[in-house]
Amino acid sequence: MPLARSLSVTSLSGLEEWDEEFDLEDAVLFEIAWEVANKVGGIYTVIQTKARLTAEEWGENYFLVGPYVESNVRTQVELIEPTNPALKSTIDKMNRSGCKVYFGRWLIEGSPYVILIDVGFTAWSLDRWKSELWENCAIGVPWFDREANDAVLFGFLTAWLLGEVRAQCEEPPHILAHFHEWLAGLGLVLCRQRQLPVATIFTTHATLLGRYLCAGNVDFYNNLAEFNVDKEAGDRQIYHRYCLERAAARCAHVFTTVSQITAIEAEHLLKRKPDIVTPNGLNVKKFSAMHEFQNLHAQSKNRIQEFIRGHFYGHLDFNLDKCLFLFIAGRYEFSNKGADIFLEALARLNYLLRVNHSDVTVIAFFIMPARTNNFNVETLKGQAVRKQLWDTAQTVKERFGKKLYESLLVGQLPDVSKMLDKEDFTIMKRAIFATQRQCQPPICTHNMLEDSSDPILNCIRRIGLFNSSADRVKIIFHPEFLSSTSPLLPMDYEEFVRGCHLGVFPSYYEPWGYTPAECTVMGIPSISTNLSGFGCFMEEHIADPSAYGIYILDRRYRGVDESCNQLTSFLFQFCKQSRRQRIIQRNRTERLSDLLDWRYLGRVRLQSQKLKAHIRWCGSSEPIYASGFRYPRPASVPPSPALSRHSSPHHSEAEDNDDEDERYDEDLEAEKDRMNIRQPVALPFKNKAYTVYGANGDGATTEKN
């Protein structure tokens with residue numbers, strides 16, 4: 001199925017200049033999402049990272065709207081009185097009417113204003129609002145679905161808030177409301193049903209039905225046009241949720257999504273083609289380490305190595321200096337996130353490393369939160385043994401150093417045979433005996449509540465990777481989020497990623513993919529797929545992604561076994577790289593950071609908010625096309641798997657030479673890359689008819705020249 005192009009900010013440099021400024025003085029932007037100051041998933045990251053840019057653009061006229069969660073508010077929000085008179089009157093009136101609405105500043109970069117609504121406090125209105133929803137929209141919500149009930153309460157309260165804001169203004173402003181995902185979408189539907197003069201945008205980051213279908217191991221992308229969406233949603237008992245999502249997509253003045261692959265999905269499942277594709281960005285400044293990122297990699301790698309020394313005590317029969325750290329992280333969706341194909345590829349990689357007598361050892365981390373009851377005793381014991389060995393070594397070192405010092409003071413060379421006495425040997429022997437282990441190093445760091453039915457553990461049992469001495473591939477399953485306060489692996493996620501060599505994300509369903517994006521801005525190579533938004537974005541804008549450490553696995557046009565072989569090939573070729581090649585590749589990967597910066601991607605997203613919200617296209621619904629550009633291959637030889645370079649039919653002659661003979665000039669190559677990454681410009685809206693929504697709610701068609 002071809003990737004049909006809608007107007008897309010992925011075409012970074014293919015857009016014309018649009019010189020005229022948009023008047024923000026009488027425009028107010030409300031951005032509404034369930035994950036405002038409430039971390040649930042990836043939407044929290046989207047809103048949090050772009051808040052500074054949006055706040056700078058809209059100033060005092062930008063407000064985030066989300067649910068009031070007391071535990072989050074205590075640590076993330078400073079409650080204050082509203083400075084806007086109309087908004088203060090609105091909140092006071094709603095509170096007098098039996099609601100609880102709070103106003104404050106979200107304590108993140110940019111410090112945006114937030115309006116937080118306590119949905120539980122208005123639960124007494126749930127039955128009445130459900131009846132109204134059924135009578136006006138023919139959408140019924142069952143009593144047992146708590147998440148959908150929250151969506152109903154949040155939707156009605158949001159629509160109430162927006163309508164009241166306009167009513168309290170002496171001169172009603174242009175109101176723009178940007179809704180994220182189905183949990184917030186009902187507010188948009190109610191705004192349209194009540195004919196409020198509010199311009200609306202709806203962004204879907206992933207479709208509900210798509211996520212459920214992919215989790216059910218169906219051939220999703222080859223059957224998109226064939227699904228009976230109503231039946232599929234009903235079979236999975238999410239028909240009411242699907243109706244809320246589809247209604248929001250259909251009612252919005254502007255419908256957006258985050259990637260081309262999700263745009264295709266939305267067109268078939270939600271029955272509307274997105275008007276614009278707005279890829280997610282990152283606050284690259286947060287991750288930026290300039291020339292220090294290589295040093296940070298070394299420091300974090302050393303900390304991971306310390307954990308490995310404890311975890312594999314008694315079986316540390318491999319060279320840590322020739323050890324590569326791979327990882328996969330995200331929600332525990334075994335098939336959707338590609339954990340199944342990753343494990344199978346690791347088994348095949350283990351075979352290849354053994355038959356080729358490789359001295360490289362691969363340690364693969366699975367960072368996927370699951371249900372556990374405590375740390376694994378054997379894992380904790382390993383870290384205790386490591387610490388004990390370290391303390392023993394320090395004690396012997398101090399005794400040795402004291403004798404050496406005294407010998408040198410009297411002007412004599414030390415007699416090495418007398419530097420260590422029997423007590424020293426006794427201490428060291430006891431320490432060595434303490435490292436003896438009768439069992440294999442554990443695979444899982446925690447005690448799983450459902451060990452016998454856990455997909456990852458069952459797959460490991462099937463492929464037989466049990467961390468034995470003969471295996472060149474070891475596996476560590478860490479079923480909880482990383483934390484710097486953990487007694488086991490005291491590192492936060494960012495530190496851990498910096499210390500790894502390769503992120504592996506062979507997802508089957510990934511509308512965008514923040515994990516490989518975060519790897520990129522930290523200079524860590526990663527494997528993504530052409531079914532993820534990130535993978536499609538990089539494939540579109542980089543002529544040879546693998547040369548920059550972005551490996552794109554083909555899961556769209558290949559079968560599972562072929563994709564698994566391709567992933568195995570990527571991993572095996574990566575294991576054959578020298579240390580110098582990996583350093584060069586990390587330099588190139590880090591230079592792609594600007595492609596993912598909100599400073600670039602966010603500017604066009606803001607244009608879509610400012611323009612497409614108040615400006616609704618009339619007449620033709622044909623998509624607008626914009627020509628993009630291809631980020632060229634680096635001037636020197638890319639230290640990457642030859643099999644992954646689809647865009648390069650011939651290998652460079654230098655490819656067969658030793659590392660020392662490679663033609664590589666870091667400064668020259670970096671300068672060329674900086675010239676290729678050009679800042680995106682505003683969207684071209686010349687000679688287009690549009691409808692401006694005024695304060696009275698009437699639309700007037702205007703011609704823009």
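One-based numbering along the sequence shown.
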Checklist entry - Does the pair Trp106 and Tyr44 meet the rule for a ring pair (Phe, Tyr, Trp, His ring centres under 6.0 Å), with working shown? => result CA-CA 12 Å; Trp106 192 3; Tyr44 177 91; 5.7 Å; yes
Sole residue of Thr529, Ile542, Asn530 in side-chain contact (heavy atoms from CB on, under 4.5 Å) with Ile552: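 Going through the options one by one, the only one that passes is Asn530.
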Of all the heavy-atom pairs spanning [X] and [Y], show the shortest one and how long it is.
X      : Y      : answer
Pro112 : Leu64  : CG-CD1, 3.7 Å
Asp275 : His253 : OD2-O, 4.0 Å
Leu157 : Met94  : O-CE, 3.9 Å
Val189 : Ala248 : CG2-N, 3.6 Å
Leu133 : Ile139 : CG-O, 3.6 Å

Q) Is there a donor-acceptor contact under 3.5 Å from the side chain of Thr204 to the main chain of Ala206? A)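 Yes.
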* To do: Determine yes or no for a side-chain-to-main-chain donor-acceptor pair under 3.5 angstrom, with Arg250 supplying the side chain and Lys271 the backbone.
  =>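 Present.
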Checking side-chain contact (heavy atoms from CB on, under 4.5 Å) for the pair Glu35/His205: CA distance, chi angles, key distance, verdict?
CA-CA 12 Å; Glu35 296 195 33; His205 298 259; over 6 Å; no
- Query: Taking the side chain as C-beta and beyond, is there a heavy-atom pair between Val229 and Arg246 under 4.5 Å?
  - Reply: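 Yes. Closest side-chain heavy atoms under 4.5 Å.
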Any side-chain heavy atom of Arg166 within less than 4.5 Å of one from Pro197?
->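 Answer yes - side chains close enough.
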Within the 6.0 Å centroid threshold, strictly below: Phe202 and Phe179 =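 Judged by ring-centre distance (under 6.0 Å), Phe202 and Phe179 do not meet the cut-off.
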Check your understanding: Is the shortest side-chain N to carboxylate O distance from Arg52 to Glu56 below 4.0 Å?
Key ->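 Salt bridge between Arg52 and Glu56, a charged N being under 4.0 Å from a carboxylate O: yes.
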**OP:** Could you tell me which residues satisfy ring pair (Phe, Tyr, Trp, His ring centres under 6.0 Å) with Trp160, sequence neighbours excluded, listed by chain and number?
**Re:**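 Partners of Trp160 under the ring pair (Phe, Tyr, Trp, His ring centres under 6.0 Å) test: none.
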By ring pair (Phe, Tyr, Trp, His ring centres under 6.0 Å) - contacts of Trp182 (at least two apart)
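Listed in chain order: nothing, the list is empty.
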Practice item. Report the relative orientation of the aromatic rings in Phe534 and Trp512; use parallel for angles under 30°, tilted for 30 to 60°, perpendicular for over 60°. Key: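 Answer is perpendicular, since the angle exceeds 60°.
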### Ring geometry between Tyr242 and Tyr239 (parallel below 30°, tilted from 30 to 60°, perpendicular above 60°)
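Judged by the thresholds at 30° and 60°, the geometry between Tyr239 and Tyr242 is tilted.
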- prompt: Taking atom types as modelled, is there a side-chain donor on Lys130 or Asn149 under 3.5 Å from an acceptor on the other?
  reply: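 Judged by distance alone, the side chains do pair up.
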